[in-house]
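Working notes for the structure below.
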Amino acid sequence: MPELPEVESIARKLNDGNGNPPLPGQIITHATISWPRHIAIPAVSTFRRNIRSRMVESVGRRGKYLVIKLDRGTLLLHLRMSGDLYITPPGAAKGPYEHTIFHLDSNWQLRFSDARKFGKIYLLNSPEKILDQLGPEPLGPTFTLANFQSRLRSKKRQIKALLMDQSFLAGLGNIYTDEALFLAKIHPRLRSNTLTDDQIKLLWDAIRTTLEDGIRANGASIDWVYRGGSFQNQFKVYQRTGEPCQRCGTPIERITLGQRGTHFCPSCQQELTNDS
DNA sequence: CACGAGACCTGTTCGC
DNA sequence: TGCGAACAGGTCTCGT
């Protein structure tokens with residue numbers, strides 16, 4: 001479930017509490033880890049030792065990473081395909097996919113649930129080593145139109161694959177990329193260096209509009225994995241194969257690009273428009 | 001450099 | 001109803 005809006009929603013909820021005790025200020029007494037491969041760095045034994053008695057200072061987000069600053073070190077969590085992170089009250093029944101549990105001094109628990117076990121957890125002194133490999137934040141001040149334009153032109157990749165490349169731009173995944181390309185009326189297979197100035201401006205706006213709408217809806221809930229948001233009700237193309245395009249009525253098509261299901265309107269998003 | 005295929009995992013849904 | 005195939009929010013590595 002986790003693209004930028006979902007991760008942002010999780011971070012805000014943990015930070016503010018939202019009816020539950022806020023995470024900042026709480027102390028992690030220890031962690032229970034039942035799927036050791038979730039711990040990417042450091043070695044699991046070191047992780048267990050160093051996470052003890054750490055106080056949480058803040059919860060934030062960079063790209064699709066949750067960034068939990070501690071009084072010593074920083075916890076990075078990547079939810080990948082099926083991860084979720086939430087706090088539970090004392091005595092809450094254990095769910096089947098809660099493979100890592102952080103025990104808090106309040107007797108609440110911070111639980112990392114991950115059915116597919118693709119998620120990763122890092123405990124680092126210098127999180128920049130990982131976070132600096134990410135491209136700009138789409139909703140931040142460094143994502144300027146001029147910068148976006150020059151970087152698009154310096155590559156010749158399919159635009160959808162490039163937008164999903166986290167080192168190019170941090171936070172877009174399969175859902176929000178399809179939705180943004182639809183909004184900008186750009187075919188997902190167009191080469192990044194062939195986009196016109198007008199298309200780039202449309203896309204730049206569409207990316208931010210789509211992500212902001214997603215955040216406003218607290219992200220998207222799909223299937224059984226994430227139940228927090230409602231953006232799925234605003235999907236225009238994602239998982240709407242065969243349904244009429246809301247702009248022109250043409251049935252939405254699904255193709256495979258870079259091994260990912262890709263949804264678009266074959267009429268609004270033309271592949272062969274830039275020349276002749 | 002850019003792409004496709006295969007891995008990593010498990011659960012749900014689809015098609016016959 | 002049953003059973004295998006296809007599919008799922010992500011990313012890494014390898015071969016071409």
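In what follows, every chain begins at residue 1, and chains take the letters A, B, ... in the order their sequences are listed.
If you check the side chains of A/Asp84 and A/Ser113, you find no donor sitting under 3.5 Å from an acceptor. Side chains of A/Tyr65 and A/Gln166: no donor on one and acceptor on the other come within 3.5 Å.
Residue-nucleotide stacking is not present for A/Phe118 and C/dT11, judged by a side-chain ring centre under 5.5 Å from the six-membered base ring centre and planes under 30° apart.
When heavy atoms are screened at a 4.0 angstrom cut-off, A/Lys156 is found touching the sugar-phosphate backbone but no base atom. Using a 4.0 Å heavy-atom criterion, one finds that A/Arg37 contacts the sugar-phosphate atoms exclusively. A/Gly258 comes within 4.0 angstrom of sugar-phosphate atoms only, judged by non-hydrogen atoms across all strands, and of no base.
Between A/Arg254 and A/Thr262, the closest side-chain pair of non-hydrogen atoms is not below 4.5 Å.
In this structure, A/Phe148 has its ring center under 6.0 Å from that of A/Phe143. Ring centroid separation for the pair A/Phe112 and A/His99 does not come in under the 6.0 Å cut-off. Aromatic ring centres of A/Tyr176 and A/Phe231: separated by under 6.0 Å.
In this structure, A/Leu76 atom CG and C/dG10 atom C1' are separated by 16 Å, rounded to whole Å. Here the P atom of nucleotide C/dA8 and the CD atom of A/Glu3 are 13 Å apart, to the nearest Å. Atom CD in A/Gln259 sits about 8 Å away from atom P in B/dG6, given to the nearest Å. For the pair A/Arg254 CZ and C/dA8 C1', the interatomic distance rounds to 10 Å; values are reported in whole Å. Put simply, CG on A/Asp84 is 20 Å from P on B/dC9, counting in whole angstrom units.
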Strand DNA chain B as a dot-bracket string - pairs counted if Watson-Crick or G-U with both distances under 3.5 Å, | where the partner lies in another strand: .|||||||.|||||||
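Only the P atoms considered, B/dC14 is 15 Å distant from C/dG9, to the nearest whole Å.
Under 4.0 angstrom from either OP1 or OP2 of C/dG10 there lies at least one side-chain N or O belonging to A/Arg260.
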Considering only nitrogen or oxygen atoms on both sides, find all protein atoms under 3.5 Å from nucleotides 11-16 of chain B and state each distance.
none

